[in-house]
Amino acid sequence: GKCPPLPRTEFADVAAETYPLETKLYYVCDDGYRRRGGQYLGIRCRNVSGTASWVYKKFECIDEKILLSRAPTVDIDFTQEPARKTQSPAPRKQENPSGFCGTPKTFPHASLRTDKDYSVGQVLHFKCQTGYDKRPPISGTRTCKNVNGKTIWTPLDMRCTNDS
């Protein structure tokens, strides 16, 4: 299922470390670059041989000043390796660890666009912007869940402030 729009959180940036199966994300070429004609910049989290992996199409962002016919081509490995577990202070509980893709890889002259279209199971991490501090309680995460047939975001127990 799809999640409702994410409530706005003042003075905080949002990031995701994992994405549920069937999540779609898109790359956007940086200023001064554009995608080679006919190439698709979307990726999708899919079940590949029992492991959640990003499936990439071949694409590249090339300098607008270079003629397309003379631009070098870049071969890309199209399947992401499974995310490695990193040690963290509190272990994360996931019902199906293989049902989530890790952070997508980066490509030259391209950045990921988040279209704010999240799926049930998505966990978002909030970080206060520079110059702002977290005030307790400070969980810093929201999760999209299905509760009693209704899709909701869990509450965010965090406040960012620049109070002295």
Side-chain angles (χ1 to χ4, degrees), residues 1-30 35 39-59 61 76-107 109-163:
K2 294 294 174 200
C3 302
L6 186 67
R8 188 177 185 293
T9 304
E10 285 192 315
F11 314 119
D13 293 321
V14 183
E17 294 175 3
T18 59
Y19 298 84
L21 287 171
E22 299 307 316
T23 297
K24 292 181 203 172
L25 297 176
Y26 298 91
Y27 287 93
V28 176
C29 293
D30 297 338
R35 71 179 168 90
Q39 294 181 343
Y40 181 64
L41 298 177
I43 60 174
R44 183 181 288 214
C45 178
R46 285 278 169 94
N47 183 334
V48 179
S49 302
T51 302
S53 302
W54 288 110
V55 176
Y56 299 85
K57 302 281 186 194
K58 184 173 183 167
F59 81 89
C61 293
I76 300 169
D77 176 16
F78 296 107
T79 313
Q80 173 192 354
E81 291 294 317
R84 289 178 177 79
K85 296 201 184 301
T86 56
Q87 289 205 337
S88 61
R92 266 188 258 157
K93 181 183 173 195
Q94 289 183 349
E95 286 73 29
N96 182 5
S98 65
F100 290 85
C101 289
T103 305
K105 56 178 131 177
T106 59
F107 288 102
H109 316 296
S111 54
L112 274 172
R113 182 188 83 210
T114 55
D115 58 6
K116 313 295 189 250
D117 189 18
Y118 298 111
S119 300
V120 171
Q122 181 69 65
V123 177
L124 298 177
H125 301 268
F126 291 78
K127 180 181 177 190
C128 292
Q129 295 171 347
T130 304
Y132 293 86
D133 299 312
K134 279 186 184 180
R135 294 289 182 238
I138 56 171
S139 76
T141 63
R142 286 190 109 134
T143 304
C144 182
K145 291 185 172 184
N146 197 322
V147 178
N148 298 326
K150 187 175 178 185
T151 306
I152 61 155
W153 287 101
T154 58
L156 178 65
D157 291 331
M158 180 184 108
R159 211 169 42 99
C160 296
T161 179
N162 64 353
D163 294 343

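No experiment lies behind these values; they were computed from the predicted model shown.
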Rounded distance (nearest 0.5 Å) linking atom NZ of Lys57 with atom CD of Gln39: 12.0 Å

Checking side-chain contact (heavy atoms from CB on, under 4.5 Å) between Ile43 and each of Tyr26, Tyr27, Tyr19, which is the one that passes? Tyr27

Of the non-hydrogen atoms in Tyr132 and Cys160, which two are nearest, and what is the gap between them? CB-CB, 4.2 Å

In terms of heavy-atom contacts, Trp153 and Gln122 come closest through CZ3-O, 3.9 Å

Count the heavy atoms belonging to other residues, nucleotides or ligands that lie under 6.0 Å from NZ of Lys2, then report whether that count exceeds 12. yes

Could you work out, with ring-ring contact (aromatic ring centres under 6.0 Å, His included) as the rule, every residue matching Tyr40, not counting sequence neighbours? none

Take Phe100 and Val123 through the side-chain contact (heavy atoms from CB on, under 4.5 Å) test and state the conclusion after the steps. CA-CA 10 Å; Phe100 290 85; Val123 177; 6.0 Å; no

Got a donor-acceptor contact below 3.5 angstrom from the Arg142 side chain to the Thr154 backbone? yes

Close side-chain approach of Thr151 to Pro4, heavy-atom, < 4.5 Å: yes

Restricting to non-hydrogen atoms, name the atom on Met158 and the atom on Ala12 that form the minimum distance, rounded to 0.1 Å. CE-CB, 4.0 Å

Enumerate the residue pairs fulfilling salt bridge (charged side-chain N to carboxylate O under 4.0 Å, His left out) with a member in residues 40-49, sequence neighbours excluded, ordered by first and then second residue. Glu22-Arg44, Glu22-Arg46

Going through the distances and angles, do Cys128 and Asp133 end up as a side-chain contact (heavy atoms from CB on, under 4.5 Å)? CA-CA 6 Å; Cys128 292; Asp133 299 312; 6.0 Å; no

Atom CG of Leu25 and atom CG of Leu41: how far apart are they, to the nearest 0.5 Å? 12.5 Å

Residues Ala52 and Cys101: closest non-hydrogen pair is C-SG, 3.6 Å

Quick check for you: to the nearest 0.5 Å, what is the distance between Leu124 atom CG and Asp13 atom CG? 12.5 Å

Kindly give the heavy-atom pair with the smallest separation between His125 and Thr141, and that separation in Å. ND1-CG2, 3.4 Å

Where does the angle between the aromatic ring planes of Phe107 and Tyr56 fall among parallel (under 30°), tilted (30 to 60°) and perpendicular (over 60°)? perpendicular

Minimal non-hydrogen separation, Ser119 against Cys144, with atom names: O-CB, 3.9 Å

Applying side-chain contact (heavy atoms from CB on, under 4.5 Å) to Phe11 and Asn162, what does each step give before you reach the verdict? CA-CA 9 Å; Phe11 314 119; Asn162 64 353; over 6 Å; no

